[in-house]
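This report concerns only the one structure given below.
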4 protein chains.
Amino acid sequence: MVQKSTPARSDTPPKAAPDSTRRSEKSRRAIYEAALALVGEVGYQKVTIEGIAARAGVGKQTIYRWWSSKADVVMEAFVDRSEQAAEAVPPGQEYAIPDTGDLAADLKFVLRATVDELLDPAFEAPYRGLAAEGLVNEELGRRYVAKLLEPSLQLYVQRLRAAQDAGQVRADIDPRIALELFVSPLAQRWLQYAGPISYEYTDTLVDYALHGIASPGGNQR
Amino acid sequence: MVQKSTPARSDTPPKAAPDSTRRSEKSRRAIYEAALALVGEVGYQKVTIEGIAARAGVGKQTIYRWWSSKADVVMEAFVDRSEQAAEAVPPGQEYAIPDTGDLAADLKFVLRATVDELLDPAFEAPYRGLAAEGLVNEELGRRYVAKLLEPSLQLYVQRLRAAQDAGQVRADIDPRIALELFVSPLAQRWLQYAGPISYEYTDTLVDYALHGIASPGGNQR
Amino acid sequence: MVQKSTPARSDTPPKAAPDSTRRSEKSRRAIYEAALALVGEVGYQKVTIEGIAARAGVGKQTIYRWWSSKADVVMEAFVDRSEQAAEAVPPGQEYAIPDTGDLAADLKFVLRATVDELLDPAFEAPYRGLAAEGLVNEELGRRYVAKLLEPSLQLYVQRLRAAQDAGQVRADIDPRIALELFVSPLAQRWLQYAGPISYEYTDTLVDYALHGIASPGGNQR
Amino acid sequence: MVQKSTPARSDTPPKAAPDSTRRSEKSRRAIYEAALALVGEVGYQKVTIEGIAARAGVGKQTIYRWWSSKADVVMEAFVDRSEQAAEAVPPGQEYAIPDTGDLAADLKFVLRATVDELLDPAFEAPYRGLAAEGLVNEELGRRYVAKLLEPSLQLYVQRLRAAQDAGQVRADIDPRIALELFVSPLAQRWLQYAGPISYEYTDTLVDYALHGIASPGGNQR
DNA sequence: TACTAATCGAGACGGTACGTCGGGTCTTAAT
DNA sequence: ATTAAGACCCGACGTACCGTCTCGATTAGTA
């Protein structure tokens, strides 16, 4: 209702950004853990800042000093966990879509893995909660996309580019759009409970996307 | 205190469902209008049951008697509005995707109209709010899909079936899945702020979906 | 907060007093019984009009039509029960303080009986509840006094008058005031939890009241 | 309903008593003032916790944190005001019943002052409201007696003891009981609207109580 | 190594909204 | 016309969290 900050304006000083060199690492870790644990236990919706603070053994102010909202905290906690997981992967071709030369097979393989992941409750709770918040809070939504969604999608872009180089995908195709043909349907079915998801379904998506749905010699126009 | 209906199980009584024959039509309409107006004015998130009641000139209890949550109220209000709009259409081929014989053109036309609609703030507010709630509340999410999403998608199914009959779409294609190739990407970009949406973008989606992204003579395996 | 009715004023007609000839005797009895039962079970405070109506199997309106408040209902129910009890007494010298010729003994006897009554939970609940309401609602308070309190006190007046005739009480004494010397202290101790009540205590009150507390030859000016 | 004392037992935790050292004095004062003002303006019955909070510019929780009910708040506010008034009295023989040597005159004087006080609306509103609550809530009633009633009565005890020392009151008289002969009748008439109160009435009470109502040489058996 | 300013745990505070209860009025159908 | 039933508008309840604001009691980085 009331406008509050709009960065600087003196008068009421701009809140004097806290000194991050003095920040307590221990508290940060405790907050991340508490946030993720609570999201898992009671669901994103029912998590409260007070609850996180209590669980982490931390004052509320310590949270408000470094984050601006519950979504912020959970998002960072989630990203942090992802990064932690990423670092655990042996250093080589860490995260990439396999390239066996058979594009269809590679895509089907990755999408099947994605199906498995989506059905894992540990992922589901924070992922859904954040996504929901993101629908309605544009700033957060864009951060969500940039931090959690786009990096995964870029792996598809890479794989599709390789396929273009190999002459398996038409050169005039925009890979960033092309990947949506099979990724977005899966995303929507899962996120919105818009339909069942299965290996068969994702396999079908890949086939349709690669070869199109039109009849081969069909006279379009 | 006294058990009334639903024979056994007692203990914590099932709350004695209200008598819907005596329901006040006036209040219901007022509540729908208040809910939609408020969602438009302050955004779904900031709407409260208390606010709806006050705006509608209605006791809070009257809302709680007939609905179980804000999402419930707004959903029903939204559906009601849609139905009202539907009834206003002259009785003929009310809602359908045009069939000019040119499938690509027809789909592009409809998707362009969808783009326009998605960018209309009047639609956006309740749609997003409900979608967000639906991500996180499965029961609501399924209702959302059934009431608001699936009916629109069925129009695509019809059009694609017609195209199959006309030999423009392969007979082995499942239209319910096929439509997702171009609908879901648009939905995701819009809902999740996952990318820009434009006529050019939707046109591209249709082209990719119809003809596939693979090279014509590409050797897959 | 807002004044609403103030009896007549035309405009909004004075509510058209109900036709008492058509009143349902059965409902009235049921309401009395429900009211007294509930007061006994959950305490005056927690009794609600809704509760009485439900227990009596009666519509709320039927109560509001004939009574103006919970206090009203309970009061009438209580008075009704008293009258019922009174009628059960064999017609003779129904209710009176015994007159053995020994005033002190007679008063002590009656007060001891009163102590017993006051400690009977069946009496206590509605009596206290009504008294409390009466403190704060003058109209009700006066009715309480007239219906429940004064009739008992008049029995003392009669007995004291007899004592005056017998020359045991000074002729210039006002019996209506005199009785308060021993009745009011007991009443206050009980009502307000202002002190313990016992036979010894009431005996003492009678002695003090009869003979005074001043020293016999004390020179009071 | 709520567990109150019995420290441990957990399960449903005992609500973690707030830290009284950090209590806001400003809020407490504001609450007292608001409570007394409202009781004066709209009457004890119509005062609500919500109203007190609003008037005091305080959150409801701040009231619920430190008091358990409206009666509690008003009582404390009332006691606080009494103590404040008491402190304002010049330190000497602050509050005592005058001792001119003439017991009857002294008592009549004090009772006349009490009559005046009882008829002062500023006293009446909270006094009656609290008394009413006290009838029906034993715990509160006893607190009421201890804090507001008994201290006044002790003044009579002192004066009567002095009179005993002076040989004006019989030595075997219990002053705590004796005072009730004239105090309780006045209290009952006022509290319960049980009869008119006037100087003449209280004078009469004193006379009756001092000398008794029995005939001097009356043969009691 | 001591100083001193920021951060920390804790939680009281002014608020908003929750979901529930009951008051008193009004409407409906059955008697 | 009264009744049982109960929906209605309304006001207050007591609770949960919000985000802000003190409080000592630690910590660091600097002097």
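The chains referred to below are lettered A, B, ... by the order of the sequence lines, with proteins before strands, and numbering in each begins at 1. Note that these values count all heavy atoms, side chains included, but never hydrogens, waters or copies made by symmetry. Just so it is clear, the model here is predicted, and its values are computed rather than measured.
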Q. Quick one: which of F/dC13, F/dG6, E/dG22 gets closest to the side chain of C/Gln61?
A. F/dG6
Q) Would you say the base of E/dG15 and the side-chain of D/Lys60 have a donor-acceptor pair closer than 3.5 Å? A) no
Q. Do A/Tyr44 and A/Tyr127 make the cut of ring centroids closer than 6.0 angstrom?
A. no
**Q.** Residue mapping more 5' on DNA chain E - nearest nucleotide basis, C/Ser68 or A/Ala54
**A.** A/Ala54
Q: Determine the contact category for C/Trp67: base if any of its heavy atoms lies under 4.0 Å from a base atom, sugar-phosphate if only primed atoms, P, OP1 or OP2 are that close, otherwise nothing.
A: nothing
Q.
Quick check for you: among F/dT3, E/dC8, F/dT20, whose closest atom lies nearest to any side-chain atom of A/Trp66?
A. E/dC8
Q: Check every strand shown and say whether D/Thr21 touches a base, only sugar-phosphate, or nothing at a heavy-atom separation below 4.0 Å.
A: nothing
Q. Whole Å only: how far is the CZ atom of B/Arg29 from the P atom of F/dC8?
A. 15 Å
Q. Which pair of heavy atoms, one from C/Ile63 and one from C/Val58, lies closest together, and at what distance?
A. CG1-CG1, 4.1 Å
(Q) Nearest whole Å is fine: how far is E/dC21 C1' from C/Gln45 CD? (A) 16 Å
Q | Nearest to side-chain heavy atoms of D/Ser27, which nucleotide of F/dT3, E/dC18, E/dG14 | A | E/dG14
Q. Roughly how many Å is it from CD1 in D/Ile52 to C1' in E/dG14, rounded to a whole number?
A. 16 Å
Q | Rounded interatomic separation in angstrom, taking NZ from C/Lys26 and C1' from F/dT2 | A | 13 Å
Q. Looking for any heavy atom pair under 4.0 Å, which part of the strands does C/Gly57 touch: base, sugar-phosphate only, or nothing?
A. sugar-phosphate
Q) Between the base of F/dA7 and the side chain of B/Arg23, is there a donor-acceptor distance below 3.5 Å? A) no
**Q.** Nearest atoms (heavy-atom pairs only) where B/Leu130 meets B/Leu140
**A.** O-CD2, 4.2 Å
Q. A/Ile49 and A/Ser69: which non-hydrogen atoms are nearest, and at how many Å?
A. CD1-C, 4.1 Å
Q | Whole-Å distance separating the CG atom of D/Asp72 from the C1' atom of F/dG14 | A | 15 Å
Q. 5'-most contact on DNA chain E: A/Ser20 or D/Asp19, nearest heavy atom basis?
A. A/Ser20
Q.
Between D/Thr62 and E/dG14, is there a contact of a side-chain N or O with OP1 or OP2 at under 4.0 Å?
A. yes
**Q.** Atom-to-atom span, CD of B/Glu25 to P of E/dC26 - whole angstrom
**A.** 22 Å
Q.
Is there, by distance only and without an angle test, a donor paired with an acceptor across the side chain of B/Arg65 and the base of F/dA7 below 3.5 Å?
A. no
Q. If you check the C/Ser24 side chain, which of F/dG19, F/dT3, F/dC13 turns out closest?
A. F/dT3
Q | C/Ile31 CD1 - F/dT2 C1' separation (whole Å) | A | 12 Å
**Q.** D/Ile31/D/Trp67 under side-chain contact (heavy atoms from CB on, under 4.5 Å): CA gap, chis, key distance, verdict
**A.** CA-CA 11 Å; D/Ile31 289 164; D/Trp67 292 278; 3.7 Å; yes
Q: In whole angstrom, give the distance that lies between atom NZ of B/Lys70 and atom P of E/dC18.
A: 8 Å
Q | D/Arg22 side-chain proximity, nearest of F/dC13, F/dT22, F/dC9 | A | F/dT22
Q. Is any side-chain heavy atom of A/Glu76 less than 4.5 Å from a side-chain heavy atom of A/Trp66?
A. no
